[in-house]
Q: 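Quick one: the structure is below, and I'll ask about it shortly.
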Amino acid sequence: VAILNDRYPLKAKSDNVFLFESIGHSGKYTLLGSFNPILDIDRKRNTQSKNFNFAFGLLKTSEDGSTDIDDKEELHNGDMEKIFNTVTNEIYKFVKRNPLNTVTISGSTPTRTRKYRQLISKNHELISKHFDLFGILPQRGIVKFNPNSMENYVSFLIENKIN
Amino acid sequence: MMKSIKTRRMTTEEIQSILNSPTIIRKKKEAEQLFHSAEFKTHIQKRTAERKESSVIPSLLKKKLVVKKKVSLSRGNKRQVA
């Protein structure tokens with residue numbers, strides 16, 4: 001299952017986590033994407049959350065073996081599009097596997113969120129064929145994502161497309 | 001062309017280590033704040049209902065069509081017999 005072809009192969013994966021290597025002019029970096037269930041206080045007995053936050057960044061492993069991701073570092077590896085395609089494809093697979101799931105994404109900094117918006121806008125035609133996409137605005141709340149809008153979304157909400 | 005490499009399955013320890021990492025926990029808390037807002041909840045509830053409806057209706061229609069087909073076939077058979 002793929003919606004974007006020029007992408008990196010995955011090094012490792014589980015149902016909610018995946019790893020791949022970005023290879024570019026600054027070197028080789030391992031990147032990690034993770035779908036993390038959001039606690040739903042209205043459904044205390046239901047542990048199967050349908051709402052996920054997507055975290056993404058550089059994989060860091062410390063000497064004691066503990067892992068973390070750096071979601072602030074800018075790679076400048078010249079492969080932004082290929083990374084975007086890889087991540088979008090995994091989000092696509094995740095949402096298609098569980099059509100009732102929703103995924104929220106926000107950049108760790110306003111600059112990164114703007115970058116996400118630019119990439120989504122550029123690929124909007126293709127993305128909107130597969131997803132219903134919303135932007136979250138501080139003043140106006142949840143609105144349908146508009147690729148031509150100049151407003152600064154703080155987060156994005158991705159849902160399986162309703163036909 | 002995508003380079004073909006074998007994707008390995010992650011171990012439970014690896015996954016747990018990632019899910020318990022400080023950045024993931026921070027991101028989850030931020031998302032929970034957003035998710036627990038009344039507007040977000042209303043949006044999710046409305047959309048979930050729409051999504052369920054859109055997946056239930058086509059399957060119901062399909063069932064109805066199958067039943068109709070069966071009925072028309074049996075009628076045809078009766079006429080043939082008569």
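Chain naming here is simple, since letters A, B, ... match the order of the sequence lines and numbering starts at 1 in each.
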Q: Crowded around A/Lys161 NZ? As in, over 12 foreign heavy atoms under 6.0 Å?
A: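 Count over threshold, so yes.
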
Q: So for atom CD, which belongs to A/Glu125, do other residues, nucleotides or ligands contribute more than 12 heavy atoms lying within a distance under 6.0 Å?
A: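 It does not: A/Glu125 CD has 12 such atoms or fewer within range.
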
Q: Out of B/Asn20, B/Ile24, B/Leu19, which one racks up the most heavy-atom pairs below 4.5 Å with chain A?
A: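 Ranked by contacts with chain A, first place is B/Ile24.
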
Q: Count the heavy atoms belonging to other residues, nucleotides or ligands that lie under 6.0 Å from NZ of B/Lys46, then report whether that count exceeds 12.
A: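 Atom NZ in B/Lys46 is not packed in, count stays at 12 or less.
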
Q: State, to 0.1 Å, how close B/Glu39 and A/Ile142 come at their nearest heavy-atom pair, and which atoms those are.
A: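 Heavy-atom minimum between the residues: OE2-N, 3.0 Å.
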
Q: Under a 4.5 Å heavy-atom cut-off, does chain B meet the side chain of A/Thr61, its backbone, both or neither?
A: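 Neither; nothing under 4.5 Å.
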
Q: Is atom CZ of A/Arg140 surrounded by more than 12 heavy atoms (other residues, nucleotides or ligands) closer than 6.0 Å?
A: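 Counting other residues, nucleotides and ligands, CZ of A/Arg140 stays at 12 neighbours or fewer.
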
Q: Any residues in residues 102-112 of chain A near chain B, with a heavy-atom distance under 4.5 Å, and which are they?
A: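 The stretch touches chain B at A/Thr102, A/Thr104, A/Ser106, A/Gly107, A/Ser108.
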
Q: Who passes side-chain hydrogen bond (donor to acceptor under 3.5 Å, both in side chains) against A/Asp64, sequence neighbours left out?
A: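 For A/Asp64 the side-chain hydrogen bond (donor to acceptor under 3.5 Å, both in side chains) partners, ignoring immediate neighbours, are A/Ser62, A/Ser66.
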
Q: Would you say A/Phe94 ends up clustered with A/Phe156 if hydrophobic residues are merged whenever their side chains have heavy atoms under 4.5 Å apart, either directly or through other cluster members?
A: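 In one cluster: yes.
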
Q: If two hydrophobic side chains count as joined below 4.5 Å and joins carry through other members, does A/Met80 share a cluster with A/Leu59?
A: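 The answer is no; the residues belong to distinct hydrophobic clusters.
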
Q: Please list, chain by chain and in numerical order, all residues satisfying side-chain hydrogen bond (donor to acceptor under 3.5 Å, both in side chains) with B/Ser17, sequence neighbours excluded.
A: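 side-chain hydrogen bond (donor to acceptor under 3.5 Å, both in side chains) check on B/Ser17 returns A/Thr67.
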
Q: Could you tell me whether the side chain of A/Pro9 reaches within less than 4.5 Å of the side chain of B/Thr7, counting heavy atoms only?
A: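 They are not in contact (no side-chain heavy atoms under 4.5 Å apart), so the answer is no.
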
Q: Decide whether A/Leu58 and A/Leu10 are clustered together by the hydrophobic rule: side chain heavy atoms of Ile, Leu, Val, Met, Phe, Trp, Tyr closer than 4.5 Å, transitively.
A: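 Per the 4.5 Å side-chain linkage, A/Leu58 and A/Leu10 are co-clustered.
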
Q: Applying the side-chain contact (heavy atoms from CB on, under 4.5 Å) criterion to B/Lys27, which one of A/Asn36, A/Asp71, A/Ile69 satisfies it?
A: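 Looking at A/Asn36, A/Asp71, A/Ile69, the match for B/Lys27 under the side-chain contact (heavy atoms from CB on, under 4.5 Å) is A/Asp71.
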
Q: Is B/Arg47 in contact with chain A via its backbone, its side chain, both, or neither, using a 4.5 Å heavy-atom distance?
A: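 When you check distances to chain A, atoms from both the backbone and side chain of B/Arg47 fall under 4.5 Å.
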
Q: Need one label for A/Asp15: side chain, backbone, both or neither, based on atoms under 4.5 Å from any heavy atom in chain B.
A: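 Interface part for A/Asp15: both.
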
Q: For A/Phe54, is it the side chain, the backbone, both, or neither that has a heavy atom closer than 4.5 Å to a heavy atom of chain B?
A: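 The backbone, not the side chain.
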
Q: Identify, with sequence neighbours excluded, every residue that meets side-chain hydrogen bond (donor to acceptor under 3.5 Å, both in side chains) alongside A/Lys115.
A: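 Listed in chain order: nothing, the list is empty.
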
Q: Evaluate the criterion side chain to side chain contact (heavy atoms under 4.5 Å, CB included) for residue pair B/His43 and A/Leu157; output intermediate values, then yes/no.
A: CA-CA 11 Å; B/His43 172 88; A/Leu157 174 66; 3.3 Å; yes

Q: Under 4.5 Å between any side-chain heavy atoms of A/Val17 and B/Glu14, yes or no?
A: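 With C-beta onward as the side chain, the pair stays apart.
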
Q: Heavy-atom count around B/Lys29 NZ within 6.0 Å, excluding the residue itself: above 12?
A: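 Count not over threshold, so no.
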
Q: Where do A/Ala12 and B/Met10 come nearest, in terms of heavy atoms and distance?
A: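 Answer, listing the atom of A/Ala12 first, then B/Met10: CB-CG, 3.6 Å.
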
Q: Using non-hydrogen atoms and a 4.5 Å limit, figure out which bit of A/Asn16 sits close to chain B: side chain, backbone, both or neither.
A: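 Nothing of A/Asn16, per the 4.5 Å heavy-atom cut-off to chain B.
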
Q: Would you say B/Gln33 has more than 12 foreign heavy atoms packed within less than 6.0 Å of its CD?
A: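 12 or below, so no.
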
